[in-house]
Amino acid sequence: IFLAAGADSLDNPFFPSRGMSGRFQWDAGLEALGNATDFQTLRLDGLYAATSGRHTFIANLSGGDTVQGDLPLASLFTLGGPFSFPGYVVDELTGESFAALRGMYRYKLTDSSRSLLSLPIYAGATLVAGNAWARNIDLDDLRVGVNLFLAADSPIGPVFFAVAASDEGRSALYFFVGEPF
């Protein structure tokens with residue numbers, strides 16, 4: 001069983017230049033409905049985007065916790081991927097609790113208003129601090145990841161190329177077309 005609520009005033013789902021979004025989600029697994037164990041989790045996400053000229057700044061705070069029971073593997077919180085947690089494979093960091101603070105800077109390289117065929121192209125960087133923990137959040141165990149990216153808002157969806165690294169010496173290259181991870 002789950003309950004989710006949110007609000008979104010972002011002007012673009014993939015390349016927002018202004019607005020805010022927030023989301024709350026409560027999940028419950030019940031043995032009476034066929035789950036292996038009873039559990040409950042809470043998750044909060046908030047994002048703010050602001051632009052000045054060609055410069056965009058985005059701040060995002062996410063967190064979740066298990067408030068009852070032990071989570072089955074499929075219900076664990078996950079982090080990893082180019083914007084979730086750079087330097088790690090998609091969903092590599094898992095746990096019953098997580099927290100992540102993200103900051104992104106994006107610069108618009110092209111002016112798509114001058115030509116119908118010109119695509120908006122961006123360069124930017126993302127910095128993330130956080131982790132996923134077995135149970136309780138321990139801020140002494142924070143990890144840090146960063147990426148540098150080039151991106152385009154194309155007719156077939158967003159196109160991203162990113163180079164990433166983490167404080168643990170991990171690195172990754174990402175290329176994708178379509179909805180980001």
Side-chain angles (χ1 to χ4, degrees), residues 8 10-23 43-64 73 76-95 97-115 117-134 137-181:
D8 186 336
L10 298 173
D11 60 344
N12 183 309
F14 303 115
F15 299 98
S17 60
R18 64 184 168 281
M20 298 185 294
S21 70
R23 181 178 167 88
R43 179 185 177 123
L44 296 169
D45 296 286
L47 186 139
Y48 176 76
T51 296
S52 176
R54 292 179 178 233
H55 307 276
T56 299
F57 302 92
I58 299 173
N60 173 237
L61 179 63
S62 300
L73 185 61
L76 292 173
F77 295 107
T78 62
L79 293 170
F83 298 103
S84 168
F85 214 102
Y88 291 88
V89 175
V90 173
D91 297 340
E92 181 176 354
L93 303 174
T94 62
S97 300
F98 89 100
L101 176 62
R102 297 171 187 89
M104 178 188 289
Y105 167 75
R106 191 178 65 226
Y107 181 78
K108 190 172 185 181
L109 296 170
T110 61
D111 184 0
S112 59
S113 65
R114 293 185 184 199
S115 167
L117 300 176
S118 178
L119 294 177
I121 298 174
Y122 305 94
T126 306
L127 176 66
V128 179
N131 203 347
W133 293 273
I137 293 174
D138 180 1
L139 296 180
D140 291 332
D141 191 25
L142 284 179
R143 297 176 186 206
V144 176
V146 64
N147 74 22
L148 301 173
F149 64 87
L150 286 174
D153 195 1
S154 79
I156 59 171
V159 177
F160 281 91
F161 175 74
V163 177
S166 77
D167 62 338
E168 295 189 336
R170 309 276 310 257
S171 61
L173 290 174
Y174 305 103
F175 176 75
F176 57 91
V177 176
E179 187 172 335
F181 303 90

Should [X] and [Y] count as side-chain neighbours, where that means a heavy-atom distance under 4.5 Å?
X	Y	answer
Pro86	Val146	no
Val144	Leu127	yes
Leu79	Asn131	no

Could you tabulate the donor-acceptor pairs under 3.5 Å formed by side-chain atoms of residues 151-165, not counting sequence neighbours?
residue	atom	partner	partner atom	Å
Asp153	OD2	Asn12	ND2	3.4
Ser154	OG	Ile156	N	3.3
Ser154	OG	Gly157	N	3.4
Ser154	OG	Gly157	O	2.5

List the residues meeting salt bridge (Lys or Arg N to Asp or Glu O under 4.0 Å) with [X], not counting sequence neighbours, and say none if there are none.
X	result
Asp8	none
Arg143	Glu168
Asp167	none
Arg102	none

Main-chain N/O of [Y] paired with [X] side-chain donor or acceptor, under 3.5 Å:
X	Y	result
Thr110	Leu119	yes
Asp11	Ser17	yes
Arg54	Lys108	yes

- Message: Going by ring pair (Phe, Tyr, Trp, His ring centres under 6.0 Å), name the residues that satisfy it together with Tyr105, two or more places apart in sequence or in a different chain.
- Response: His55, Phe57
Who pairs with [X] by side-chain hydrogen bond (donor to acceptor under 3.5 Å, both in side chains), at least two apart in sequence or on another chain?
X	answer
Thr94	none
Ser166	none
Ser21	none

- Sorted by chain and number, sequence neighbours left out, side chain to side chain contact (heavy atoms under 4.5 Å, CB included) with Ala172 holds for Tyr174
- Message: List the residues meeting side chain to side chain contact (heavy atoms under 4.5 Å, CB included) with Ala134, not counting sequence neighbours, and say none if there are none.
- Response: none
- Task: Report the distance from atom CG of Leu93 to atom OG1 of Thr78, rounding to the nearest 0.5 Å.
- Result: 9.0 Å
- d(Ile58 CD1, Thr51 OG1) to nearest 0.5 Å is 7.5 Å
- Note on the structure: The complete set of salt bridge (Lys or Arg N to Asp or Glu O under 4.0 Å) pairs with one or both residues in residues 79-95, sequence neighbours excluded, reads Glu92-Arg170
Distance-minimising heavy-atom pair for [X] and [Y]:
X	Y	answer
Pro16	Thr56	O-CG2, 3.5 Å
Trp133	Ala99	CZ3-N, 3.5 Å
Phe98	Ser62	CE1-CB, 3.7 Å

